[in-house]
Engineer: 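Okay, handing you the structure first.
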Amino acid sequence: METVVAKKVEDIYSVVYPFHIISKLLGLSPYPLRSPKSRKLFVKSLLLNLFYLFLILTLELVMMFNFFSSRDEYLIYTNSTIIDVTSQVLMIVVLINYFVSLGMNCLFQRRTQNLLADVASSDLLMTKIGIAINHSSHRRFVLTYLMGTFIQALIVVTISQSVLNYVNFELLEIEVIIAYIVSTVSYTTFLGHMLLALVGIHARFRLLNEFFEKNFICYQTVCSYTENFIVFGPTSGLTNDNQAKLVKHVTSAHDKLNDIVAQINSCYAFQIMMNMISWFIYTIYGTFNFYRLILINFKGYELLGYANMMWIVYHAMYLSAVVIFSSLIKAEGKKTSILLHQAINLEWNSKIVREMRIFSQQLGHRQPIVTCGLFPFDWSLFYSSIGLCVTYLTIMIQLDSSYSNPQLNVTLPAT
């Protein structure tokens, strides 16, 4: 059985196929994994996918218009100008975010197909120089991600619906189904495009660093303790010319991975930035709403505040995962530079050193950085977002206290 599975999972296309099917059912991937070989197949695939996408968008638009027509019933427990304004901004941003994501995924289908083709060619190059890519392990990770997100979505939806039933919020069944699908499975699947891509690229950078360290640092460290510097170990069977060629192949593999990171940025980074903006606004809105529910003590509605906080954490988990793996990729890029300069210090052959210096110049001009063009996705973004949330929450609490009860406003000067 293991042999059969290993034969099936032979490249990146087999790895992402289950995820692509789920994404296609949700309307997030209205295109085939490979570019059609003829114009006729391309037109046929495009028309079928656009028709399916049109049905999904029509259903969601009907639900959204129905929500806006009965919006006051959802927000009947609030009497805050700040909450009303923030909720309107949030709804507009979420709508723009969702439809922009769908539209850009459809427009960038050729880029996505080229991205997969580049990953496949990069895997072939790494395999040729002796770096084994465990596609079976990657596919298990993809399946685990799909199952994990589904189970987590089921738990969140069950808790949320229980809270809504407790406070007697009457919603249409179609409204509930579509709203939960969009906010859970569609959300995690869309972020999964970039998250799983980052996980795969991080694994390849790590394997490349381990291969370089094993072949150009470990054996040199052992040989430095001998008198005649006899080369033995991983590259003991290679001549100096072959070792120089191996460095050149590693340089090419690293450059290809950098190209893939740049393509990931162009395919998904802008949409991820839009998701971060939506999450930022929702975090402020939900936390402030929770503060008011606790402060004013709306009996029977306290659970809504806790439900809001649960949704904030739920969405933050996946955005944080994107930031974490973006930072890990950046760290692997820095590690490559460190390993390379250690190898240069240990190497005695001028031809190999020359190739390593060329590799060093490439690293000096090009590092794997995941960015949307405005800012990189790294730990600094994570800490800045927390600081901004605290700042804006403080301002909103002060403004709301001023508007709701001017006599309690102690922030204004006495004059």
Side-chain angles (χ1 to χ4, degrees), residues 6 9-12 15 118-138 141 197-262 264 325 327-370:
V9 188
E10 56 187 8
D11 55 17
I12 188 64
V15 172
D118 287 345
V119 173
S121 63
S122 174
D123 289 350
L124 287 176
L125 176 59
M126 294 177 71
T127 302
K128 287 180 180 178
I129 63 177
I131 303 176
I133 306 295
N134 191 346
H135 291 105
S136 298
S137 176
H138 290 180
F141 184 86
L198 293 178
V199 172
I201 296 305
H202 170 258
R204 285 160 176 78
F205 271 115
R206 181 172 51 80
L207 289 172
L208 192 63
N209 283 339
E210 291 175 355
F211 177 81
F212 187 85
E213 183 177 13
K214 179 181 179 181
N215 287 275
F216 294 99
I217 294 179
C218 292
Y219 85 90
Q220 291 283 13
T221 305
V222 176
C223 292
S224 63
Y225 291 99
T226 64
E227 294 180 358
N228 52 4
F229 296 99
I230 298 174
V231 178
F232 63 96
T235 56
S236 59
L238 298 178
T239 63
N240 290 332
D241 290 340
N242 287 335
Q243 290 187 44
K245 290 181 181 179
L246 184 59
V247 175
K248 187 176 291 186
H249 286 312
V250 171
T251 304
S252 299
H254 194 277
D255 191 51
K256 264 191 170 299
L257 291 178
N258 278 324
D259 288 338
I260 294 171
V261 171
I264 292 174
F325 277 97
S327 300
L328 290 175
I329 288 175
K330 186 177 180 180
E332 288 294 333
K334 292 181 178 179
K335 184 178 179 180
T336 304
S337 300
I338 295 171
L339 294 174
L340 178 60
H341 287 91
Q342 287 178 352
I344 291 174
N345 292 331
L346 294 171
E347 185 58 61
W348 289 85
N349 185 272
S350 59
K351 186 174 292 187
I352 299 175
V353 170
R354 184 172 64 251
E355 293 297 334
M356 287 183 176
R357 290 189 182 278
I358 294 174
F359 190 13
S360 177
Q361 291 176 358
Q362 175 183 304
L363 293 177
H365 293 284
R366 196 179 192 193
Q367 286 286 339
I369 298 176
V370 182

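Computation of the quantities below employed the complete heavy-atom set of this structure, encompassing side-chain atoms and omitting hydrogens, waters and symmetry-equivalent molecules. Counting begins at 1 with the first residue of the sequence.
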Engineer: Under the side-chain hydrogen bond (donor to acceptor under 3.5 Å, both in side chains) rule, collect the residues that match up with Ser122, sequence neighbours excluded.
Structural biologist: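 So Ser122 forms no side-chain hydrogen bond (donor to acceptor under 3.5 Å, both in side chains) with any residue.
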
Engineer: Would you indicate whether the side-chain heavy atoms of Phe211 and Met126 approach each other to under 4.5 Å?
Structural biologist: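 They are not in side-chain contact.
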
Engineer: Using 0.5 Å steps for rounding, measure from the NE2 atom of His202 to the OG atom of Ser327.
Structural biologist: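 Taking NE2 in His202 and OG in Ser327, the distance rounds to 10.5 Å.
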
Engineer: For the CD atom of Gln362 and the CG atom of Asp255, what is their distance to the nearest 0.5 Å?
Structural biologist: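 If we round to the nearest 0.5 Å, Gln362:CD and Asp255:CG are 4.5 Å apart.
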
Engineer: Are any non-hydrogen side-chain atoms of Val250 and Val247 less than 4.5 angstrom apart?
Structural biologist: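 No, their side chains stay 4.5 Å or more apart.
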
Engineer: Which heavy atom in Ile352 sits nearest to a heavy atom in Ala244, and how many Å separate them?
Structural biologist: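 Scanning both residues, the minimum pair turns out to be CG1-N, 4.0 Å.
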
Engineer: Do Met356 and Phe212 make a side-chain contact, defined as non-hydrogen atoms from C-beta onward lying under 4.5 Å apart?
Structural biologist: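 Side chain of Met356 against side chain of Phe212, heavy atoms only: contact under 4.5 Å found.
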
Engineer: Who passes side-chain hydrogen bond (donor to acceptor under 3.5 Å, both in side chains) against Ser360, sequence neighbours left out?
Structural biologist: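 By the side-chain hydrogen bond (donor to acceptor under 3.5 Å, both in side chains) rule, Ser360 matches His341.
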
Engineer: According to side-chain hydrogen bond (donor to acceptor under 3.5 Å, both in side chains), who are the partners of Glu332, at least two apart in sequence or on a separate chain?
Structural biologist: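 By the side-chain hydrogen bond (donor to acceptor under 3.5 Å, both in side chains) rule, Glu332 matches Asn209.
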
Engineer: Using side-chain contact (heavy atoms from CB on, under 4.5 Å) as the criterion, point out the one residue from Val15, Leu207, Ile12, Leu124 that pairs with Ile133.
Structural biologist: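 The side-chain contact (heavy atoms from CB on, under 4.5 Å) with Ile133 is passed solely by Leu207 among Val15, Leu207, Ile12, Leu124.
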
Engineer: Could you pull out the closest heavy-atom pair between Ile264 and Ala197, with the gap in Å?
Structural biologist: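 Distance-wise, the nearest heavy atoms are CD1-CB, 3.8 Å.
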
Engineer: Do Val370 and Val261 make a side-chain contact, defined as non-hydrogen atoms from C-beta onward lying under 4.5 Å apart?
Structural biologist: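 The answer is yes; the side chains approach within 4.5 Å.
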
Engineer: Between Lys214 and Glu210, is the salt bridge (Lys or Arg N to Asp or Glu O under 4.0 Å) condition met? List the steps.
Structural biologist: CA-CA 6 Å; Lys214 179 181 179 181; Glu210 291 175 355; over 6 Å; no

Engineer: Check Gly333 against Pro368 and note the closest heavy-atom contact, atom names and distance.
Structural biologist: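 Closest pair (atom of Gly333, atom of Pro368, distance): CA-CG, 3.8 Å.
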
Engineer: For a 4.5 angstrom cut-off between non-hydrogen side-chain atoms, does Leu363 reach His254?
Structural biologist: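 Answer yes - side chains close enough.
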
Engineer: As an exercise, state the distance from CD of Glu213 to OG1 of Thr336, rounded to the nearest 0.5 Å.
Structural biologist: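 With rounding to 0.5 Å, CD (Glu213) is 10.5 Å from OG1 (Thr336).
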
Engineer: Please examine the side chains of Ile344 and Phe216, heavy atoms only from C-beta on, and report whether any two atoms are closer than 4.5 Å.
Structural biologist: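 Of all side-chain heavy-atom pairs linking Ile344 with Phe216, none is under 4.5 Å.
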
Engineer: Apply the test side chain to side chain contact (heavy atoms under 4.5 Å, CB included) to residues Leu208 and Ile131: give CA-CA distance (whole Å), side-chain angles for both, the deciding distance (0.1 Å), then the verdict.
Structural biologist: CA-CA 7 Å; Leu208 192 63; Ile131 303 176; 3.5 Å; yes

Engineer: Measuring from Arg357:CZ to Ser350:OG, what's the distance to the nearest 0.5 Å?
Structural biologist: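 These two atoms lie 11.0 Å from each other.
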
Engineer: Which salt bridge (Lys or Arg N to Asp or Glu O under 4.0 Å) pairs, counting each pair once, include a residue from residues 118-133, with sequence neighbours left out?
Structural biologist: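 Sorted pair list: Asp123-Arg204.
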
Engineer: Rounded to the nearest 0.5 Å, how far does CD1 of Ile329 lie from CG of Leu257?
Structural biologist: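 Those atoms lie 9.5 Å apart.
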
Engineer: My understanding is that only residues two or more places apart in sequence, or in another chain, count here; which of them pass salt bridge (Lys or Arg N to Asp or Glu O under 4.0 Å) with Lys330?
Structural biologist: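 With neighbours one apart ignored, the set is Asp378.
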
Engineer: Under the side chain to side chain contact (heavy atoms under 4.5 Å, CB included) rule, what do Gln243 and Asn349 come out as? Steps first, then yes or no, please.
Structural biologist: CA-CA 10 Å; Gln243 290 187 44; Asn349 185 272; over 6 Å; no

Engineer: Could I get the full list of side-chain hydrogen bond (donor to acceptor under 3.5 Å, both in side chains) partners for Asn134, not counting sequence neighbours?
Structural biologist: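 Counting only residues at least two positions away or on another chain, Asn134 forms no side-chain hydrogen bond (donor to acceptor under 3.5 Å, both in side chains).
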
Engineer: Measure across Ser337 and Gln367 and return the closest heavy-atom pair with its distance rounded to 0.1 Å.
Structural biologist: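 Scanning both residues completely, I find the closest heavy atoms to be OG-NE2, 3.2 Å.
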
Engineer: Side chains of Lys248 and Phe359: does their closest heavy-atom pair fall under 4.5 Å?
Structural biologist: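 The answer is no; the side chains never approach within 4.5 Å.
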
Engineer: May I ask you to say whether Glu355 pairs ionically with Lys351, meaning some side-chain N is under 4.0 Å from a carboxylate O?
Structural biologist: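 Salt bridge between Glu355 and Lys351, a charged N being under 4.0 Å from a carboxylate O: no.
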
